[in-house]
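Worksheet: the structure to be examined is printed underneath.
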Amino acid sequence: MFLSKLLLKAYGQFNSKEVELKEGINVIYSHDRSKRRSFKDFIVSMLYGSHGRNLFGIGEDVHSERKPSGNDYKGAVYVNEDGKTYLVERTFLAGAKKTSILDLKSGKQEDFKGLDALPEHMVAIDKSTYKTGLVIDDEAKSDEAVVSDRDLVEKTRTFVKNVTETGCSDINFDASIEYLREQKNSKNSQPMVRRLNDLTQKIDSYEYVDKEIENIEVDIKKLDEDFAIEAAKRKRVARRMIQNEDGTVTYEVDKELNKKIDTLTETGQDMMSKPKEKGEVKFTDRLPVIFGMGLLIILLVALVVYIIPFESAVKKLFVIFTVIFVIFTIVDGLRVNGFFDAGDITPTDEDFKMVLKEIEDEKEEREAIEFDMTFAKEYAANKDALRKKENALLEKRNERSKLQAEFNSVFKKKSELEEESYAITAAMNQLITLRDNMKAANLPKVTAHISDYISEITGGKYDDIRLDRDYNISVSRGGEIRDMSELSDEDVRLVYLAVRFGLSDAFVTSEAPLVLLDLADDMDSDSLGRILSCICGLKSEQQIIVTADSTIAQILEGSGLPFNYAEI
């Protein structure tokens, strides 16, 4: 599989740029590093789609970095596979990503929304393996942060570690675990546990409130009973004695005053009983039920009467008397149940005080009537005191309710944090298990192939590459071991390339274009020749060398190797 033409319509710094490619070696030259990296990213994006950083914020945000300033973000590429040529066109705009694949020979076109990797019959290798084995650059994280040859020592170690433990060069296991550990620490529920303890103590301090309110209600009820009894007693003496014509002595009843006292007495009695709640009406006391039952009885009697062979006049009399009986029964039942009463009006404290004031005013106007109302004033004062105490307790109960609501909210949040913490811990344990399994599967392949190219690429200077437990890299020749950090800058680049070529053999099982970015720059003709020889040995029909070194084309031309050259 190889690419025959790239159409960079709107990608990065490119606008309507066409680049012809061929099988074998292609040299792509540009003095602009940003353009070189954009060109490399365009190839990967056309094959596998354009993406930003992953869930853990790891990897390059290629999608954002390569988005042009205009409203277009798209490109096309001609893919040659098994004698067929396909035109692949992609739109990368977020929310409107789409891909179309046209078979130029048959004219058949397929359209996709959000397609990532191209179909397997075109590119039979996953993105992670492709970037690990066939996209070889200096691992710079941005266009500005160019990695020096010295930094490649650590980059090589990290690359081998990531590929061995995660199967992907972009995913650092330690960074992933550290990210999860930070997330777990942010889910610490201990502050909430302390808050719950404080709230529990405060709530418990109001435990007495309900009992106190209940006692006050009992006291108020007792006070109402006492007042009703005392008012009834005093009503009996609120009369004037008069001399009758026959010489007998009787008492003149003050009907108006007694009426007010009766009202006051009933007020106290009403306060002793709780008003019935709405909905306490029995089912059989409801008007629709009463009238319905009456109508049912009339219908049943009429049916029975008409079934029995009575004379017509007798039947009518039966029905008429039944109707009259039912009506009287309903009316009497409504009367007994108080339907015709004015209604149950429970006087309030304000009503009581108003009646009390009227009685006191009446008493002052009628000096002949000896009716001491001081007991009512004392009653009112005592009741006011109890109401104030009750209101204070009710405020405390409301405060307790607020604390309880906060307790429930904090407890819910604490439970959610603990669940998230447990989930993160489970994810960490799962990642560790996956890492161990991945390492067990990949480490033998890495160690078996990591030294495959070191002798050829260094011209026999080194013949083996070794890894320690921490993935630190060393090279050897004839048993003499040297740490990679002790090598010259050029040797560091050669060792890095040898490692990458070896891992390409270890993981790549299918053909795809190889992209080499910047690492062949400033090499002498012998080193470049050895590098090209190694590149041609990898699983790829096409090698794309993206470089800022214009002498590479001259060296290739002098060596007689066929190649394609293009400037971007």
Side-chain angles (χ1 to χ4, degrees), residues 33 36-37 131-142 145-165 169-170 172 174 442-507 514-538 543 545-549 551-552 555:
R33 174 178 171 76
R36 297 195 301 274
R37 290 188 60 78
K131 292 184 68 177
T132 298
L134 294 175
V135 180
I136 305 175
D137 61 10
D138 57 9
E139 294 294 296
K141 289 187 177 180
S142 71
V146 181
V147 176
S148 67
D149 292 337
R150 287 291 87 193
D151 293 333
L152 276 178
V153 175
E154 180 59 26
K155 289 295 179 182
T156 306
R157 189 191 79 85
T158 302
F159 181 87
V160 175
K161 182 178 185 297
N162 292 350
V163 171
T164 303
E165 295 184 347
S169 59
D170 287 337
N172 185 306
D174 292 337
N442 289 338
L443 188 58
K445 292 192 293 185
V446 170
T447 54
H449 290 277
I450 196 171
S451 300
D452 287 354
Y453 291 89
I454 185 64
S455 179
E456 181 178 1
I457 204 170
T458 61
K461 192 173 184 178
Y462 307 107
D463 58 15
D464 191 24
I465 297 178
R466 300 183 181 184
L467 298 175
D468 64 12
R469 296 179 59 182
D470 296 323
Y471 300 95
N472 293 310
I473 296 174
S474 58
V475 294
S476 66
R477 171 67 180 174
E480 181 182 351
I481 300 174
R482 293 185 63 186
D483 190 89
M484 187 175 176
S485 61
E486 301 173 359
L487 306 181
S488 66
D489 290 350
E490 184 175 350
D491 284 352
V492 165
R493 273 201 286 171
L494 292 176
V495 171
Y496 175 74
L497 284 172
V499 169
R500 294 298 303 268
F501 292 161
L503 294 185
S504 179
D505 271 352
F507 291 95
L514 179 141
V515 181
L516 182 67
L517 176 63
D518 289 348
L519 285 167
D521 295 2
D522 302 321
M523 290 284 184
D524 58 56
S525 57
D526 292 336
S527 296
L528 183 59
R530 292 193 297 268
I531 291 172
L532 292 173
S533 177
C534 292
I535 287 175
C536 293
L538 299 177
Q543 302 83 37
I545 302 174
V546 186
T547 180
D549 186 357
T551 62
I552 289 181
I555 295 173

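Computed from heavy atoms alone, side chains included, the values below leave out hydrogens, waters and symmetry copies. The residues of the chain are indexed from 1 along the displayed sequence.
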| field | Worked verdict on D170 versus N162 for side chain to side chain contact (heavy atoms under 4.5 Å, CB included) | value | CA-CA 7 Å; D170 287 337; N162 292 350; over 6 Å; no
| Taking side chain as C-beta onward, heavy atoms only, is M484 less than 4.5 Å from V492? | yes
| How about L152 and L519: do any of their side-chain heavy atoms sit closer than 4.5 Å? | yes
| Side chain of R500, backbone of L134: donor and acceptor closer than 3.5 Å? | no
| When you measure from the side chain of R33 to the backbone N and O of A548, does any donor-acceptor pair fall under 3.5 Å? | no
| Any side-chain heavy-atom pair of Y453 and L497 under 4.5 Å | no
| task | Taking all heavy atoms of A498 and all of I457, pick out the closest pair and write down the distance. | result | CB-CG2, 3.7 Å
| D470 side chain vs N472 backbone, donor-acceptor pair below 3.5 Å | no
| request: To the nearest 0.5 angstrom, please state how far the CD1 atom of I473 sits from the CD atom of E154. | output: 9.5 Å
| query | To the nearest 0.5 Å, what is the distance between CD1 (I545) and CG (L514)? | reply | 8.5 Å
| said: Is it true that R530 and S533 share a donor-acceptor pair across their side chains at a distance under 3.5 Å? | reply: no
| field | Verdict with supporting geometry, S485 and D483, side chain to side chain donor-acceptor pair (under 3.5 Å) | value | CA-CA 5 Å; S485 61; D483 190 89; 2.5 Å; yes
| task | Spell out, as yes or no, whether a donor-acceptor pair under 3.5 Å connects the side chain of D452 to the backbone of G502. | result | no
| query | Do I481 and D464 come close enough that some side-chain heavy atom pair is under 4.5 Å? | reply | no
| request: Give the C-alpha distance, both sets of side-chain angles, the deciding distance and a yes or no for side chain to side chain contact (heavy atoms under 4.5 Å, CB included) between I535 and F501. | output: CA-CA 8 Å; I535 287 175; F501 292 161; 3.8 Å; yes
| request: For the residue pair L538 and Q543, establish whether any side-chain heavy-atom pair is separated by less than 4.5 Å. | output: no
| task | Indicate yes or no for a side-chain donor-acceptor contact from R157 to the backbone of L467 under 3.5 Å, with no hydrogens or angles considered. | result | no
| task | Give, for atom OG1 of T458 and atom CD1 of I531, the distance between the pair rounded to the nearest 0.5 Å. | result | 11.0 Å
| task | Given side chain to side chain contact (heavy atoms under 4.5 Å, CB included), test K161 with D174 step by step and report yes or no. | result | CA-CA 10 Å; K161 182 178 185 297; D174 292 337; 2.8 Å; yes
| note | Value for OG (S527) from CG (D522), rounded to nearest 0.5 Å, stands at 11.5 Å
| query | Under 3.5 Å, side chain of R477 to main-chain N/O of R482, donor-acceptor pair present? | reply | no
| Among D521, L516, V515, whose side chain to side chain contact (heavy atoms under 4.5 Å, CB included) with V546 holds? | V515
| Of T447, L503, L443, which is the lone residue that meets side chain to side chain contact (heavy atoms under 4.5 Å, CB included) with T164? | L443
| remark: So CG of D463 and NZ of K461: to nearest 0.5 Å the spacing works out to 13.0 Å
| remark: To the nearest 0.5 Å, atom NZ of K445 lies from atom CZ of F507 at 5.0 Å
| query | Judged by atom type as modelled, is there a donor-acceptor pair below 3.5 Å linking the side chain of S451 to the main-chain atoms of I465? | reply | yes
| said: Closer than 3.5 angstrom, by distance alone: can the side chain of N172 be matched with the main-chain N or O of T158 as a donor-acceptor pair? | reply: no
| request: From the options R493, R36, K131, R37, select the one residue that forms a salt bridge (Lys or Arg N to Asp or Glu O under 4.0 Å) with D137. | output: R37
| remark: Correct closest heavy-atom pair for F159 and T132 would be CZ-O, 3.4 Å
| query | Less than 4.5 Å apart, any side-chain heavy atom of I552 and any of L528? | reply | yes
